[in-house]
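Everything numeric here is computed off the predicted structure, so don't read it as measured data. Indexing begins at 1, ligand by ligand and atom by atom, following the structure's order.
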Amino acid sequence: MPGKQPVTISVFDLFKVGIGPSSSHTVGPMLAAARFVADLERRGTLPDVSGLRVDLYGSLAATALGHGTLPAILLGLQGYYPDTIESDEMEQRLAAVRATGQVALAGSVPIAFAEDDIARHPRTVLSRHPNGMTITATACDGRELHSETYFSIGGGFVITESEPDQAGPAAATPWSFSSAAQLLDLTDRHNLRISDVMLRHELATRSHAAVREQLLHLRDVMIACEHRGISRDGYLPGDLRVRRRARDWYLRLIDEDPGRDPAFAEDWVNLVALAVNEENASGGRIVTAPTNGAAGIIPAVMHYAVHYTGKGTDPDDPDDTAMRFLLTAGAIGSLYKERASISGAEVGCQGEVGSAASMAAGALAEILGGTPRQVENAAEIAMEHSLGLTCDPIAGLVQVPCIERNAISAGKAINAARMALRGDGTHRVSLDEVIATMRSTGADMNTKYKETATGGLAVNVPVNLVDC
Ligand code: SF4
């Protein structure tokens with residue numbers, strides 16, 4: 001059972017800058033491929049490589065085409081990382097690979113390799129995790145130079161077979177916690193808010209200025225993503241022919257609600273979630289929160305916290321609300337990562353959108369002045385009513401139901417926070433119990449509903465391939 005060790009995950013492990021459309025199927029494989037070529041460089045064998053084999057297993061193979069997994073791997077092999085590559089550069093590099101049939105390993109060793117060379121084994125699931133990937137490099141005499149199996153375990157976390165599931169690199173600190181109960185105990189003993197505990201946890205490895213700068217950078221990337229989503233028109237990539245709606249909604253909303261009447265708050269929250277997830281679906285720059293598919297919920301609810309609550313902001317520090325929001329959400333998200341899973345391939349959408357809604361609900365409750373127990377209650381409510389949520393993306397694209405689901409779940413998070421604040425923090429089901437329930441529900445869930453696009457909407461809604 002995970003969760004015995006204190007939580008060492010940093011808020012910066014949960015919130016990472018990457019590219020769409022999927023943290024586990026795009027960001028993770030790209031990181032794994034980049035790690036592989038970096039290992040070859042470290043071993044001094046990179047110049048000897050003349051053959052390469054990449055095998056994808058389980059969910060990674062089943063939805064590779066819709067999730068952009070194959071181009072992500074090609075970019076990773078060329079030494080690109082998801083947090084720094086620019087969209088234009090991505091397109092140029094991939095066009096060059098398609099034109100030449102070659103990738104330049106680590107940017108320097110050309111080798112014949114293209115998307116079609118990546119072998120997919122959707123029916124073979126490796127025992128460690130449904131998202132498995134093996135890369136093998138050989139010399140011109142057929143000698144194996146290096147082989148490694150990676151697992152993309154959700155939220156952009158990647159581990160090898162020999163590495164532990166715990167992805168947090170930081171050591172335990174006096175402010176580490178292994179359960180919501182321990183987190184509440186820390187807040188009680190030191191008379192702190194949940195965000196204060198998480199901040200102290202971060203300060204064990206970073207200066208206050210660095211924590212602040214990095215959190216505000218994440219906030220700014222989220223907002224930039226929202227703005228890009230609003231600025232674009234047309235169709236999302238893929239055969240579904242899903243039309244972008246954010247721009248149209250924005251133009252109508254700004255006309256109907258120029259003065260930001262609170263009556264329109266829900267519409268703006270929906271818009272932010274829609275814009276971020278449309279941008280994710282088109283492979284844009286995104287903050288995993290805690291995954292790409294669920295990336296619109298935290299920005300949407302944070303937008304609500306900043307613009308509609310009238311609370312939480314330190315008058316001397318207008319950025320205080322966003323910082324505390326992200327710290328509280330990170331504290332809750334670390335519990336899901338450690339005690340259950342944030343991988344749709346492992347536990348279904350409850351682990352992605354459900355976790356994000358829970359994180360956002362707790363964070364909003366704190367901004368609204370909730371006690372730590374009310375915050376824990378809000379997080380619990382949002383997950384309790386996300387239990388069983390399946391992952392069944394049509395055509396394997398992170399579009400339907402994903403985009404609207406983020407907007408719906410942002411609304412759920414706001415409602416959960418408001419419900420929790422009506423109580424005094426006492427409640428029948430604890431956050432720890434609901435996290436354990438999410439984990440066991442995910443274990444019981446049929447594989448069809450765990451990011452394989454073989455059940456639910458993915459098989460009941462025909463994809464019209466006719467261009468119109
Ligand atoms: S259904 Fe949920 S878990 Fe599955 S791809 Fe969409 S957002 Fe991710």
Side-chain angles (χ1 to χ4, degrees), residues 18-29 58-69 72 129-131 152-157 236-238 240 242 273-274 276-283 286-300 333 336-337 340-360 382-383 385-410 412-413 438-439 441-442 445-461 463:
I19 54 166
S22 168
S23 44
S24 56
H25 290 57
T26 319
V27 173
S59 170
L60 215 51
T63 58
L65 299 183
H67 283 47
T69 308
H129 192 277
N131 291 332
S152 182
I153 60 173
F157 288 90
L236 295 173
L240 271 187
V242 172
L274 206 76
V276 170
N277 285 86
E278 287 183 353
E279 193 56 19
N280 177 59
S282 60
I286 203 92
V287 177
T288 61
T291 66
N292 280 24
I297 296 167
I298 300 275
Y336 284 104
K337 179 77 188 78
S341 170
I342 55 170
S343 164
E346 202 174 9
V347 294
C349 197
Q350 53 172 1
E352 297 206 12
V353 161
S355 297
S358 178
M359 293 161 66
M383 176 51 81
H385 305 289
S386 299
L387 289 174
L389 199 58
T390 59
C391 172
D392 55 353
I394 301 176
L397 295 163
V398 191
Q399 297 177 8
V400 184
C402 320
I403 297 171
E404 281 181 6
R405 184 168 290 172
N406 273 253
I408 294 291
S409 296
K412 181 189 291 185
M438 187 269 269
R439 179 181 171 83
T441 303
M445 196 180 278
N446 192 302
T447 305
K448 286 194 293 186
Y449 302 110
K450 294 197 272 192
E451 211 159 357
T452 54
T454 55
L457 289 169
V459 297
N460 286 296
V461 179
V463 179

Discussion item. With side-chain hydrogen bond (donor to acceptor under 3.5 Å, both in side chains) as the test, pick out the partner of Asn280 among Thr26, Thr288, Asn292, Thr291.
Written reply: Asn292

Discussion item. Quick check on contacts: which atoms of ligand 1 are under 4.0 angstrom from a heavy atom of Arg405?
Written reply: 1 (S)

Worksheet item: Got more than 12 heavy atoms from elsewhere within 6.0 Å of CD1, Ile408?
Response: no

Worksheet item: Between the main-chain N or O of Ala458 and the side-chain N or O of Asp392, is there a donor-acceptor pair closer than 3.5 Å?
Response: no

Worksheet item: So, His67 versus Ser24: side-chain donor-acceptor pair below 3.5 Å or not?
Response: no

Worksheet item: Can you check whether Leu240 reaches Val463 side chain to side chain, under 4.5 Å on heavy atoms?
Response: yes

Worksheet item: How far is atom 8 (Fe) of ligand 1 from its nearest protein heavy atom, and which residue and atom name does that atom have?
Response: Glu352 OE1, 3.1 Å

Worksheet entry | Those atoms of ligand 1 less than 4.0 Å from some heavy atom in Gly293 | 7 (S)

Practice prompt. Answer yes or no as to whether an N/O/S atom of Cys391 is found below 2.8 Å from atom 4 (Fe) of ligand 1.
Written response: yes

Worksheet item: atom 2 (Fe) of ligand 1: which protein heavy atom is closest, and how many Å away?
Response: Cys349 SG, 2.3 Å

Fill in: Nearest non-hydrogen protein atom, atom 5 (S) of ligand 1
Cys402 SG, 3.7 Å

